[in-house]
Amino acid sequence: MAKKLWKDVTEDEKMKMKQFVINNPDDTPLTPEYAASYLEVSTATLQKMRCTNTKGIPFFKPRHKCIVYYKRDLDNYLTNEAYQCTAQYA
């Protein structure tokens with residue numbers, strides 16, 4: 001069975017994925033789709049962050065074409081991305 005494209009995932013499905021992440025412990029391994037739902041970004045954004053952002057979210061690649069995130073790393077990313085003013089964006 002082919003993997004569903006992110007653009008074809010419904011908002012209801014994304015909310016269910018986000019709720020799954022919220023309800024599980026910090027050491028739960030997550031696919032990019034679940035991580036994207038939790039962060040409310042696209043899977044393409046996560047992919048771009050993996051390729052270009054040196055201050056991105058830690059991820060693991062246990063085997064070829066398999067990306068794993070952990071909830072604790074997503075929470076740390078959300079916590080550490082707070083800004084005091086717009087000048088800090090640069």
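For the numbers below, each heavy atom of this structure counts, side chains included, while hydrogens, waters and symmetry mates do not.
- Asp75 meets the side-chain hydrogen bond (donor to acceptor under 3.5 Å, both in side chains) test with Tyr38; sequence neighbours excluded.
- Shown here are the side chain to side chain contact (heavy atoms under 4.5 Å, CB included) partners of Pro58, two or more places apart in sequence or in another chain: Asp73.
- Ile57 and Ile67 fall within a single hydrophobic cluster, where Ile, Leu, Val, Met, Phe, Trp and Tyr are joined by side-chain heavy atoms under 4.5 Å apart, directly or via other members.
- There is no path of hydrophobic side-chain contacts, each under 4.5 Å, that joins Tyr70 to Val21.
- Remark: Phe59 pairs with no residue by the ring-ring contact (aromatic ring centres under 6.0 Å, His included) rule, at least two apart or across chains.
- Linking ILVMFWY residues whenever their side-chain heavy atoms come closer than 4.5 Å, directly or via other members, places Leu78 and Ile22 in the same cluster.
- Among residues two or more places apart in sequence or in another chain, the salt bridge (Lys or Arg N to Asp or Glu O under 4.0 Å) test is passed with Lys71 by none.
- A salt bridge does not link Glu13 with Lys16: none of the charged nitrogens is closer than 4.0 Å to a carboxylate oxygen.
- For Phe60 and Tyr69, the gap between ring centers reaches or exceeds 6.0 Å.
- Residues passing the side chain to side chain contact (heavy atoms under 4.5 Å, CB included) test with Thr28 are Phe20, Asn24, Pro25, Leu30, sequence neighbours excluded.
- As a member of the Ile/Leu/Val/Met/Phe/Trp/Tyr network built from side-chain separations under 4.5 Å, Met15 groups with nothing else and remains a singleton.
- Counting only residues at least two apart or on different chains, the salt bridge (charged side-chain N to carboxylate O under 4.0 Å, His left out) pairs with a member in residues 40-52 are Lys18-Glu40.
- Applying the salt bridge (charged side-chain N to carboxylate O under 4.0 Å, His left out) test to residues at least two apart or on different chains, none of the pairs has a partner in residues 61-70.
- Asp27 pairs by the salt bridge (Lys or Arg N to Asp or Glu O under 4.0 Å) definition with nothing, not counting sequence neighbours.
- Side chains of Met17 and Val9 form a contact here, defined as non-hydrogen atoms less than 4.5 Å apart.
- For Ala36, the side chain to side chain contact (heavy atoms under 4.5 Å, CB included) partners two or more places apart in sequence, or in a different chain, are Trp6, Val41, Thr43, Leu46.
- Summarising the geometry, atom OG belonging to Ser42 is positioned 11.0 Å from atom CD belonging to Glu33; distances are rounded to the nearest 0.5 Å.
- Qualifying side chain to side chain contact (heavy atoms under 4.5 Å, CB included) partners for Asp8, counting only residues two or more places apart in sequence or in other chains: Lys4, Leu5.
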